[in-house]
Amino acid sequence: MIRLPNSNGLFDFQEDAVQWLLDNSLPDSDTTQNTLILKSPTGSGKTIILLSYIDEYMNETYDNTSFIWMSIGTGELEEQSKEKMDRLLPDRNSKTLSDALQTGFEGNDVTFINWESVTKRGNRATRIGELKNIKDRIADAHRNNIDFIIIVDEEHRNNTSRAQEFMDNFSAETTIRVSATTIQNDQAEKYEIPEAEVIASGLITSAMYVNDEVADDATVDMRTEYSYLVDLAIKKRDEIQKEYDKLNKIIRPLVIIQFPDSSNDQIEDVEKLLAERGYSYENGFVAKWLSEEKINVDRIETDDATPLFLLWKQALSTGWDCPRAKILVKLRDNMSDTFEIQTIGRIRRMPEACHYDNELLDNCFMYTFDEEWKENALKSPTAFETKKVFIKNEGKELVLTREVRDSSSSNFGEREVREILATYFAKKYKLEIGPRLTLEVKEENKKRMTAYSWVFGTQISRTYRKGKFVNFADLLAADATQQGKTIREVSTHDNGRDVMHIINELHGIISISDSAVRSIMKTLFHKGQYRRGDNLLSLGNREWYAFIINNRDELKKVFREVKATKLEDYNLDNGQMDIWGGKYYKERDFRIPLSEVYRFDSTRKDLEGRVYEWNVYKDYQKNMVTDKTRSRIEQKFEDYCEKNLGVEWFYKNGDKGDRYFSVAYRTGFGQVSLFYPDYIIKTENGQYWIIETKGGETSGQSNNIDPMSSTKFAAFKEYVEQRHPELNWGFVRNIGNDLFLNNTEWTESMRGKDEWVPISEFF
């Protein structure tokens, strides 16, 4: 079993990736492709995912599979990967290429191979001679009925005909190609780990700021631009260090200074500059990692290491892991120097695998005058150009009460969640609930759920597409004549993984462990839990497995519906806390931040220099409010405020963190969440408005994608009534170009509803 540094186990997105690899590579897999491509964002724990997959695969199969782990040579990546396997999977057998040449390939082992050791002409591994070369060892393994699975780490590199020729020798059952920047391959099964989930886990930074605080009117001598950028980096590093110190964190943020390949003179200039600022090789504050020279790099990856600046070229663009690295200075030499997206990954990791709700600590920073990054780095949705703006005097007077989570008030546990779900099922499907229900009553419950299209029995069904499709639209069409269905008896062994995958999906909707979700599903529906008062059905073991698999979509729908309900709908007998009277939040003062950093759309040249005069910040520009930075309804609302003579100023609130205005509420599962309303407005008559925007309506169809809207609406209404009755508030949505405001009762439908009133009637 893998020994993870995180005692809580894999993150959900990591478990999903492992499961996908298993589903498409196990001997009984239905996949028709033998090449799998896993796009894994830098910092997502790619090596841990692969090691977990290897461990699970070996647990599931016999010992006739040998894994080949191919790594690039730069940065000794194959040595790093092998060392990590030996540490995290000490009970599994790892090998080097030298080991394999001596003893051959065996089942249940993992051989780590550097590409250069097998693709360079004249290398020992492929040389024909008296000793067996690698082709001989592969042939021996085939004669011994050994199957191969190849893992190609950083697959965007070494994608050459020579590399493919070498891999062909293995006749691998499966080839798994992994990278943050995968190469297009239409003949492969593909899986992409969502970057948003990696960010949410806290493993990587929320975003990257590019050229933060670079003056718009700076006249920088291009011969000495490095001094300007390095000084900005020093200032930013000092600011970050102070924030770590406030939290009593022994973390020393690192600045990486990257040079072009032909830049020895420039390196000397930067070394001299740093020495003038008090940072040198002699006092240990500067390190160098070049292919030909390494200084002060021992233990540089550790959080408390002495070096504060690292000089490097391209050698560390892939595979190197130093979570304390927070700032990248990329210098140029008046040449076309290819910018690698992989380089950004060196500053995106979080040192403690968590966010701090601190703008400086939760983000990373890059400084460069190299234009190449615009075509490459900005392909990443979280890399953008930014501009700092400063508050006008009139915005400094506002003081509100914001609500934050009270850490002493816990989320609900398994018992409360089970009671809530039991109550919801009973109410929605008219089921009998209570202790000591008879089998006859539970059979009646089953009949009632069947009437609502819930599926029972011991068979599971799968639907698939069949027939001839001329174009893509035909393939997507819901034509019952072009669908087939397979029906088979459930197997608690073979389908156990399907059940666990669904349990994991339910866990993704509610913040409670997989084991708790499984226990709840057993208590509600399995006959083995008949003594529990919340037991609604009496399903046998195979029936329960089939029930979970066949009703996957219905279960997810119920979980989402419950999350969006009000806790008042459930009469819980909770002895640990007073839900109705006890506070689950703390109150803090809120003032609009004196300065803010907004991202802007540098492609909108037509909006450069144009500002929103009525924004609370000076020089708040229109290229900050485009399709790349704001939703359509937010754009419409800001345009409305700018054109409205009755608006004195408006402020765009942030969406997370202690700097911004927030309202606390409990979801239908009792979880404490924070809601960040979008805007604060002051009108010319002295009124303050707090506004949340949501998707509107088109041809009678709602464009609102937030299922929690009604819950947030109720929490917002209660906040104003109890905290600031002098405030005005509302949810704003649109029909076409017309905006409507509602502050009475939430309705999803808008047209013809009295609750939604033209916004012009308010301000």
Side-chain angles (χ1 to χ4, degrees), residues 21 25-27 29 33-37 47 50-51 53-55 57-58 60-86 89-179 185 187-188 319:
L21 290 171
S25 64
L26 285 170
S29 169
Q33 303 290 353
N34 66 354
T35 298
L36 307 179
I37 293 180
T47 303
L50 293 173
L51 291 176
Y53 157 70
I54 290 172
D55 190 45
Y57 187 97
M58 290 180 179
E60 292 281 339
T61 60
Y62 297 106
D63 59 354
N64 66 329
T65 300
S66 182
F67 286 83
I68 308 299
W69 189 306
M70 303 298 304
S71 294
I72 59 175
T74 303
E76 296 79 39
L77 187 56
E78 89 281 6
E79 296 177 13
Q80 296 177 38
S81 300
K82 184 180 184 304
E83 183 276 332
K84 188 169 288 188
M85 176 177 174
D86 293 339
L89 287 178
D91 297 326
R92 299 294 187 188
N93 187 35
S94 70
K95 289 182 176 180
T96 64
L97 174 60
S98 179
D99 295 333
L101 290 174
Q102 292 182 33
T103 63
F105 298 100
E106 300 169 287
N108 272 7
D109 63 15
V110 183
T111 304
F112 292 86
I113 300 177
N114 182 315
W115 276 116
E116 294 181 358
S117 66
V118 293
T119 57
K120 277 191 174 181
R121 295 186 183 278
N123 64 76
R124 175 193 165 197
T126 56
R127 187 186 307 148
I128 298 175
E130 295 181 2
L131 296 175
K132 287 194 173 184
N133 65 18
I134 195 167
K135 293 182 181 180
D136 296 326
R137 289 304 187 185
I138 294 172
D140 289 343
H142 285 152
R143 282 190 288 270
N144 292 327
N145 296 317
I146 297 295
D147 295 327
F148 288 99
I149 291 180
I150 297 177
I151 294 174
V152 184
D153 198 0
E154 302 298 349
E155 73 98 18
H156 66 289
R157 306 280 290 270
N158 287 86
N159 191 31
T160 64
S161 58
R162 184 181 291 274
Q164 186 60 50
E165 180 182 349
F166 170 74
M167 289 196 299
D168 288 345
N169 291 306
F170 289 94
S171 299
E173 295 293 319
T174 303
T175 299
I176 300 171
R177 309 183 73 95
V178 189
S179 176
N185 184 341
Q187 303 303 314

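Sequential numbering from 1 along the given sequence is applied to the chain's residues. These values consider heavy atoms only, across backbone and side chains, with no hydrogens, waters or symmetry-generated copies.
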Peer 1: Which atom pair, heavy atoms only, marks the closest approach of Ile146 to Gly107?
Peer 2: CD1-N, 3.6 Å
Peer 1: What pair of heavy atoms forms the shortest contact from Tyr57 to Ser25, and how long is it?
Peer 2: CE1-O, 3.6 Å
Peer 1: Quick check on side chain to side chain contact (heavy atoms under 4.5 Å, CB included): which of Thr35, Ile176, Thr174, Ile68 does Ile150 satisfy it with?
Peer 2: Ile68
Peer 1: Under 6.0 Å between ring centres, would you say that holds for His142 and Phe148?
Peer 2: yes
Peer 1: Please report the closest heavy-atom contact between Asn169 and Ile138, naming both atoms and the distance.
Peer 2: O-CG2, 3.3 Å
Peer 1: To the nearest 0.5 Å, how far apart are NZ in Lys82 and OG in Ser94?
Peer 2: 3.0 Å
Peer 1: Please assess Leu51 against Lys84 for the test side chain to side chain contact (heavy atoms under 4.5 Å, CB included), listing each intermediate value before the final yes or no.
Peer 2: CA-CA 9 Å; Leu51 291 176; Lys84 188 169 288 188; 4.2 Å; yes
Peer 1: Looking at every heavy atom in both Arg137 and Gly104, which two are closest together, and how far apart are they?
Peer 2: CD-CA, 3.7 Å
Peer 1: Is there a side chain to side chain contact (heavy atoms under 4.5 Å, CB included) between Leu21 and Leu36 once you walk through the steps?
Peer 2: CA-CA 8 Å; Leu21 290 171; Leu36 307 179; 4.3 Å; yes
Peer 1: Which of parallel (below 30°), tilted (30 to 60°) and perpendicular (above 60°) describes Trp69 and Phe112?
Peer 2: tilted
Peer 1: Within this structure, what is the CD1-CD1 distance for the pair Ile151 and Ile113, rounded to the nearest 0.5 Å?
Peer 2: 12.0 Å
Peer 1: Quick one: closest heavy-atom pair of Met58 and Asp109, and the distance?
Peer 2: CE-N, 4.1 Å
Peer 1: Starting at CG of Asn108, measure out to CZ of Arg92 and round the result to the nearest 0.5 Å.
Peer 2: 6.0 Å
Peer 1: Walk me through whether Phe105 and Asp140 qualify under side chain to side chain contact (heavy atoms under 4.5 Å, CB included).
Peer 2: CA-CA 8 Å; Phe105 298 100; Asp140 289 343; over 6 Å; no
Peer 1: Heavy atoms only: give me the nearest Lys95-Asp99 pair and the separation to one decimal.
Peer 2: CA-OD2, 3.6 Å
Peer 1: Return the CD to CD1 distance between Glu173 and Ile149, rounded to the nearest 0.5 Å.
Peer 2: 8.0 Å
Peer 1: Could you tell me whether the side chains of Asn114 and Ser71 share a donor-acceptor contact shorter than 3.5 Å?
Peer 2: no
Peer 1: As an exercise, state the distance from CG of Asn93 to CZ of Phe67, rounded to the nearest 0.5 Å.
Peer 2: 13.0 Å
Peer 1: Would you check, one step at a time, whether the test side chain to side chain contact (heavy atoms under 4.5 Å, CB included) holds for Asp147 with Thr65?
Peer 2: CA-CA 5 Å; Asp147 295 327; Thr65 300; 4.2 Å; yes
